[in-house]
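Contents: one structure, followed by commentary.
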Amino acid sequence: MKHKWMNSPYTFALGMFAMMVPSQAFSSFYFYFYVEKLGLGIGLATLARTIFLIWDAVNNPLFGYWSDRTNTRYGRRRPWVFGSIPLFMLAFVLVFSPPGGLSENGLFTWFLVTLIFYEAVATVLWVNYGALLPELFRGDRIRAKASAIQQGYQVVALLIGTALTPILFAAVNFSNMAIVYACVFGVFMFLCMMNVQEKKETTKTEPLKLIPAFRETIRNRKFWVFNISNSFAQTVNGLVSSMIPFYAKYVLHISEAQVSIMLAAVFVSVIPLVFVWYWIIRKMDGVKAWRLSLILYALSVIPLWFGYDLVSGVAAGIVVGFGLAGFLVTPAIVGGKIIDEDAEKTGLRREGIYTAVSGFITRSSGLISALAFFIVGMIFGYKGGDDPGSDPEATFRYLISVVPLCLLAISVIISFTIKFTFTGQLRGEADYDQKINHQL
C-alpha cells in the first residue's frame, strides 16, 4: 500500500516553503547587500542585474523544454530537482559570500557570475517543481486544494524571508544567514521530493522538437490570454507590497516600526483566506472562480484609498488579503486545464514548457510596476525621500489604490476576451482522481 504522504498536497507544498524562504531573502536583500554593504557602484550593480534578467528570460523556456523531453525510471521532474538541490544551496551561499579584499571590478565579476549561476539553478527548480502540480493533481478539486496549501506555506515563507532576514544577518552576518537558509531549503525540499511519485505516462508519441514545441505553445490562445491577464494582476501583487512602506509614511502617517503590522495584516490574513477560496472553488467552475477572484481583487484595493491611520490601514490590508488569496489560488486551476487540453491534443504532457513560458510572461509585471511608479511620480513631482514633491500623500494613494484598480480592470477585461471552454473529462483524469480522493 502506498505511503499515505506520497503525492499528498501537504508534503508537496513543502517544496514551495523550501524555495520561497531563500528566494524571498535573495530578492529582498541581494541588491542591498552589494550596493549598501559592500559598496558596489550602482551603475555596475544595475548592469549585472540587467544581464541577470536577460539570462532569466532566455533560460526559462529552454529548461522547460528540456524537462519535458526527460524520461527516466525516476520520472521527468524529480531527477532535475534532486540534482539541483545541492547546486542551489551552493549558489545561494556564494551570492552572499564574496571573498574579502576584492576590487570593485572583482566584486562586480563575483556578483555577476554568482547571479547567473544562482538564476540558472533556481530556474531548473522552479520550472520542474511548478510542472509537477498540474501533472500530479488532475482535476479542479484536488488542484484547488494543492494550490491553497501551497499558498499558505508560501505566505509563511514570505514572512520568514522578509521579517526574519534582517534580524538574522544582523546577528550572524550575510554569509551565515545564507548557510542557515540553504540548509532549511535542503531539508524541506528533500522531504518534499521523497514524497513525490510521478505518474507514468503511457503515450508513445515522439516528443516535439524545440521549434514545434514553441510554435504549439505560442498558438494556444487560451494560454496567452490567461497569462497576459495574470501578468497585470501579478503587477498589483508587487506594486501593493512595495508601496506599503511609502503608504504608511505619507498616507497613514505611522512610524516605520508599525509598517510590519501593515505587512502582517495583508500576508497573515491570506493564510486562512486561501482556504475560504478553496471552499469557493469547490462550489463553482474553475474559470468562473478565477475571473471572480480578479474582480474581487480589483474591488479589494479600493478601501486602501480611504486609509488615514494604522487601524484603517490594517482593515484595508485585510480586505486586500482576501482579493490576493483568490488570485494566488485560482490560476492553478485554469492553468492545469490548459495543460490538460494540450495533452489531449498533442498526446504529450508538456507542463515544463508551459510553466516556463508562463513564468517568462508574468515576469513582465516588474516592468509594468516600474513604469507605473515612474509615471505617477512624474505627475505628482515625487523624486525621492529628499524631494517628495508637493503632494506625496496623493502620489501613494494613487499608486496603492487607483493604479492597482486600473491594472486589475485591464486584467478582468482581458480574461473575458476569449471563451475558456474545455473538453469534459481528459484522458486519465477520473482514474487518477480516484486514487487521491482519500486526501480530500
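If you read the sequence from its start, that first residue is 1, and numbering goes on from there. Source: prediction; values computed, not measured.
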**Prompt:** By ring pair (Phe, Tyr, Trp, His ring centres under 6.0 Å), which residues pair with F322, not counting sequence neighbours?
**Reply:** W277

**Asked** Is the closest side-chain heavy-atom distance between L133 and Q150 below 4.5 Å?
**Response** yes

**Message:** The criterion is side-chain hydrogen bond (donor to acceptor under 3.5 Å, both in side chains); which residues satisfy it with Y398, sequence neighbours excluded?
**Reply:** none

**Asked** Residues two or more places apart in sequence or in another chain: which of them pass salt bridge (charged side-chain N to carboxylate O under 4.0 Å, His left out) with R78?
**Response** none

**Prompt:** In this structure, which one of F416, W290, F232 forms a ring pair (Phe, Tyr, Trp, His ring centres under 6.0 Å) with F226?
**Reply:** W290

**Asked** Going through the checks in order, is the ring pair (Phe, Tyr, Trp, His ring centres under 6.0 Å) test met by Y118 and F26?
**Response** CA-CA 10 Å; Y118 171 86; F26 170 82; 4.1 Å; yes

**Prompt:** Side chain of S411, backbone of S229: donor and acceptor closer than 3.5 Å?
**Reply:** yes

**Request:** Indicate yes or no: at least one non-hydrogen side-chain atom of L132 is less than 4.5 angstrom from one of M193.
**Result:** yes

**Message:** Among residues at least two apart in sequence or on other chains, which ones pass side-chain contact (heavy atoms from CB on, under 4.5 Å) with T114?
**Reply:** Y34, L94, V95, W110

**Prompt:** With ring centroids as reference points, do F396 and Y382 lie under 6.0 angstrom apart?
**Reply:** yes

**Message:** Would the distance check show the side chain of E198 and the main-chain N or O of R77 forming a donor-acceptor pair, the cut-off being under 3.5 Å?
**Reply:** yes

**Asked** Listed by chain and number, what are the side-chain contact (heavy atoms from CB on, under 4.5 Å) partners of L44, not counting sequence neighbours?
**Response** L40, E104, N105, F108

**Message:** Any non-hydrogen side-chain atom of V93 less than 4.5 Å from a side-chain atom of Y181?
**Reply:** no

**Request:** State whether a side-chain donor-acceptor pair under 3.5 Å links S401 with Y247.
**Result:** no

**side-chain contact (heavy atoms from CB on, under 4.5 Å) against M284, all qualifying residues, sequence neighbours excluded** = I280, K288, A289, L292

Run the side-chain donor-acceptor check on residues 84-92: report pairs under 3.5 Å with partners two or more places apart or on a different chain.
from : atom 1 : to  : atom 2 : distance (Å)
S84  : OG     : W80 : O      : 2.7

**Asked** Any side-chain heavy-atom pair from V270 and L273 closer than 4.5 angstrom?
**Response** no

**Item:** ring pair (Phe, Tyr, Trp, His ring centres under 6.0 Å) partners of F117, counting only residues at least two apart
**Value:** none

**Request:** Go through the structure and list residues passing side-chain hydrogen bond (donor to acceptor under 3.5 Å, both in side chains) with S293, not counting sequence neighbours.
**Result:** T330

**Asked** Can you check whether F380 reaches P392 side chain to side chain, under 4.5 Å on heavy atoms?
**Response** no

**Prompt:** Would you say the ring centroid of Y250 lies under 6.0 angstrom from that of F246?
**Reply:** no

Please set out all donor-acceptor pairs under 3.5 angstrom arising from side-chain atoms of residues 11-22, sequence neighbours excluded.
from : atom 1 : to : atom 2 : distance (Å)
T11  : OG1    : W5 : O      : 2.9
T11  : OG1    : S8 : O      : 3.1

**Residue pair K145 / Y10, side-chain heavy-atom distance below 4.5 Å** = yes

**Item:** Of all pairs that satisfy salt bridge (Lys or Arg N to Asp or Glu O under 4.0 Å), the ones with a partner from residues 393-403, not counting sequence neighbours
**Value:** E393-R397

**Asked** Taking side chain as C-beta onward, heavy atoms only, is I400 less than 4.5 Å from V301?
**Response** no

**Request:** Identify, with sequence neighbours excluded, every residue that meets side-chain contact (heavy atoms from CB on, under 4.5 Å) alongside A316.
**Result:** P303, L304

**Asked** Do any N or O atoms from the side chain of T235 and from the backbone of S231 form a donor-acceptor pair under 3.5 angstrom?
**Response** yes

**Asked** Should W305 and L405 count as side-chain neighbours, where that means a heavy-atom distance under 4.5 Å?
**Response** no

**Message:** Regarding N237 and Y297, do their side chains bring together a donor and an acceptor under 3.5 Å, going by distance alone?
**Reply:** yes

**Request:** Evaluate whether atom CZ of F82 has more than 12 neighbouring non-hydrogen atoms of other residues, nucleotides or ligands under 6.0 angstrom away.
**Result:** yes

